[in-house]
Amino acid sequence: MRPVSASITLDIAVIGAGQAGLSSAYHLAKLGLEPGRDFLVLDKNAQPGGAWQHRWPSLTLSTVNRIHDLPGLAMADIITPRQGQVRAASAVPDYFAAYEARFGLPVYRPISVKAVSTRGERLRIETDRQTFTVRGLINATGTWDTPFIPHYPGIETFKGRQLHSADYHSAAEFSGQRVLIVGGGISALQHLGGISQITTTDWVTRREPYFREGAFSPEDGRAAVALVEDRVRAGLPPDSVVSVTGLIWTPELRAAQARGALHRRPMFSTITPHGVRWPDGSELQVDVILWATGFRSSIGHLDPLGLREDTGGITMTGRLATQVARDPRIHLVGYGPSASTIGANRAGGAAARELTAHLGLSKAPDRTGAAIAQQG
Ligand code: FAD
């Protein structure tokens with residue numbers, strides 16, 4: 001990516017070069033916008049790969065749910081896993097790097113967006129490098145940078161180790177320690193599956209986990225997404241999709257169940273210096289509390305725009321609920337109903353089309369657009 005000067009004026013900026021940002025950029029180019037002149041992608045990471053480059057090493061292409069191909073280029077054309085045992089943290093970055101190169105996507109990195117504000121007709125984007133002024137914004141900053149740990153009384157008194165999934169590296173580091181895993185989602189189960197093979201684990205969740213028998217159908221997926229979509233259209237904060245879909249049995253989970261590792265306890269009420277306590281006074285001593293309690297959207301840099309409702313959510317509109325109702329120049333992709341690889345793909349296309357139409361930017365495909373159109 002060529003270096004850019006101190007203050008830049010563009011039509012559209014995409015913030016984030018994960019699945020959501022790359023899909024958006026692909027579609028902007030396909031609509032005829034010239035990469036690097038009409039739009040840029042700004043990404044905080046020094047390397048391609050979005051959040052995938054930071055995921056724990058035991059997460060492989062066979063243990064993730066499913067990473068959908070970006071539009072126009074299949075991962076299988078770039079990565080050839082042997083029995084799926086390829087680390088997601090290396091395979092996806094390789095795929096994204098090839099994708100950016102194949103379509104000449106203008107990703108400028110590393111650059112961290114600090115604040116977005118309104119300047120009359122335009123939006124002003126302040127970063128740790130240049131300032132940008134744009135007519136429209138596609139925000140695709142994911143959740144990885146905003147791990148969520150709920151507050152429980154006594155949390156600051158715990159003398160053992162506390163970490164979030166975002167800082168989890170491998171099960172081996174917990175050898176000989178008693179580990180309490182908190183959370184009812186896929187990450188918690190993956191940690192349980194790995195750590196219970198080498199040491200004693202305990203598991204607590206707020207709600208009784210729901211394990212579904214049989215595969216997760218496309219209809220189930222659509223129903224789960226629709227529930228989250230309804231929430232964001234009503235201005236409510238998005239919910240986790242897993243809370244709607246339930247958990248799917250995998251061979252790893254069956255093995256964990258056979259080891260007795262899936263015995264779940266209800267949520268504790270207090271954290272003590274050496275463990276946790278339940279409302280009935282019973283206690284458990286542990287060395288480690290591993291919070292697999294999810295993430296929140298990394299959108300703090302949008303705060304100056306005042307997009308939030310009193311509920312804390314942002315009211316979304318548009319075909320796939322990517323457009324911010326309070327400011328139609330702004331689309332959020334990978335947010336709420338599009339917070340999955342397939343959702344991000346589709347939302348990127350919808351956001352690119354709606355934003356270029358809103359700004360009157362739809363053009364005849366240029367050279368890049370034509371090349372992309374042939375591929376995708
Ligand atoms: P990201 O991949 O997080 O990309 C966001 C990019 O924005 C990053 O590169 C980041 O550096 C950049 N950024 C953030 N803030 C700024 C800023 N202020 N300035 C500049 N750049 C910024 N989904 C699936 O469909 N299948 C799966 O198997 C699956 N497995 C998952 C496993 C785990 C452990 C987790 C946590 C999530 C998983 N998901 C899965 C969800 C999935 O990762 C996401 O929905 C999707 O990959 C996120 O893409 P994204 O582009 O929205 O975000």
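Note that the structure is predicted; figures quoted are calculated from it, not measured. Along the sequence shown, residues are numbered consecutively beginning with 1. Atoms within each ligand, like the ligands themselves, are counted from 1 in listed order.
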* Evaluating non-hydrogen atoms only, which member of I67, T143, V113 is closest to atom 18 (N) of ligand 1? -> V113

* Asked: T127 near ligand 1, heavy-atom distance under 4.0 Å?
  -> no

* To do: Take N45 and Q53 through the test side-chain contact (heavy atoms from CB on, under 4.5 Å) and record every step on the way to the result.
  => CA-CA 9 Å; N45 279 303; Q53 62 195 285; 3.4 Å; yes

* Heteroatom distance test (K44, ligand 1): nitrogen or oxygen, under 3.5 angstrom -> yes

* Structure fact -> Nearest non-hydrogen protein atom to atom 53 (O) of ligand 1, with distance, is G142 CA, 3.5 Å

* Contact (N/O only, under 3.5 Å) between R55 and ligand 1 -> yes

* Structure fact -> Per-atom filter on ligand 1: closer than 4.0 angstrom to a heavy atom of D43 are 6 (C), 7 (O), 8 (C), 9 (O), 10 (C), 11 (O), 12 (C), 21 (N)

* To do: Among all protein heavy atoms, pick the one closest to atom 23 (N) of ligand 1 and tell me residue, atom and distance.
  => T341 N, 3.9 Å

* Asked: Above 12 or not: heavy atoms from other molecules or residues under 6.0 Å from CG of D310?
  -> no

* To do: Check whether any N or O atom of S298, backbone or side chain, sits under 3.5 Å from an N or O atom of ligand 1, and answer yes or no.
  => no

* Structure fact -> Min over A140, A46, G50 of heavy-atom distance to atom 5 (C) of ligand 1 lands on A140

* Identify the closest protein heavy atom to atom 42 (C) of ligand 1: which residue and atom is it, and at what distance? -> W52 CZ2, 4.3 Å

* Asked: In terms of atom number and element, which parts of ligand 1 are under 4.0 angstrom from non-hydrogen atoms of N45?
  -> 8 (C), 9 (O), 10 (C), 11 (O)

* Separation of R55 CZ from H169 NE2 (nearest 0.5 Å) -> 15.0 Å

* Structure fact -> closest protein heavy atom to atom 4 (O) of ligand 1 is G18 CA, 3.5 Å

* Option nearest atom 16 (C) of ligand 1 (shortest heavy-atom distance, choices N345, T141, T146) -> T141

* Gap separating the OG1 atom of T315 from the CD atom of E309, nearest 0.5 angstrom -> 3.5 Å

* Structure fact -> among protein heavy atoms, the one nearest atom 28 (O) of ligand 1 is N65 N, 2.8 Å

* **R277 with E283: basic N within carboxylate O range, under 4.0 Å** => yes

* Hey, are R329 and E121 close enough for a salt bridge, meaning a charged N less than 4.0 Å from a carboxylate O? -> no

* Do the numbers put R254 on top of the ring of W249, so that NZ or CZ is under 6.0 Å from the six-membered ring centre and no more than 45° off the axis? -> yes

* Answer with side chain, backbone, both or neither: which part of W56 has a heavy atom less than 4.0 angstrom from an atom of ligand 1? => side chain

* Looking at G16, which atoms of ligand 1 are within less than 4.0 Å of one of its heavy atoms? -> 6 (C), 7 (O), 12 (C)

* To do: Under 4.0 Å from a heavy atom of Q19: give me the atoms of ligand 1 that qualify, with their elements.
  => 49 (O), 51 (O)

* Interfacing atoms of ligand 1 (cut-off 4.0 Å, heavy-atom, A339) -> 45 (O)

* **F295-H164 aromatic ring centre distance below 6.0 Å** => yes

* Numbered atoms of ligand 1 (with element) below 4.0 Å of S340, judged on heavy atoms -> 25 (O), 45 (O)

* Taking only heavy atoms of D145, which atoms of ligand 1 are found under 4.0 Å from at least one of them? -> 14 (C), 15 (N)

* **Min N/O separation A20 to ligand 1 under 3.5 Å** => yes

* Can R265 and D202 be counted as an ion pair, charged N to O under 4.0 angstrom? -> yes

* Between A51 and ligand 1, is there a nitrogen or oxygen pair with a distance under 3.5 Å? -> yes

* Pairwise distance OG1(T201) to CD1(I198) - rounded to 0.5 angstrom -> 10.0 Å

* Asked: Looking at D327, I330, V232, I299, which hits side-chain contact (heavy atoms from CB on, under 4.5 Å) with I314?
  -> I299

* Asked: Does the protein place any heavy atom closer than 4.0 Å to atom 34 (C) of ligand 1?
  -> yes

* Among L28, V107, I138, find the one that has a side-chain contact (heavy atoms from CB on, under 4.5 Å) with V41. => V107

* Please could you name the atoms of ligand 1 that I15 approaches to less than 4.0 Å, counting only its heavy atoms? => 19 (N), 20 (C)

* Any N or O of S112 closer than 3.5 Å to N or O of ligand 1 -> no

* Working to the nearest 0.5 Å, report the span between OH of Y168 and OG of S58. => 4.5 Å

* **Check: R66 N/O within less than 3.5 Å of ligand 1 N/O** => yes

* Would you mind reporting whether V276 and Q285 have side-chain heavy atoms less than 4.5 Å apart? => no

* Any Lys/Arg nitrogen of R222 or E229 sitting under 4.0 Å from an Asp/Glu carboxylate oxygen of the other? -> no

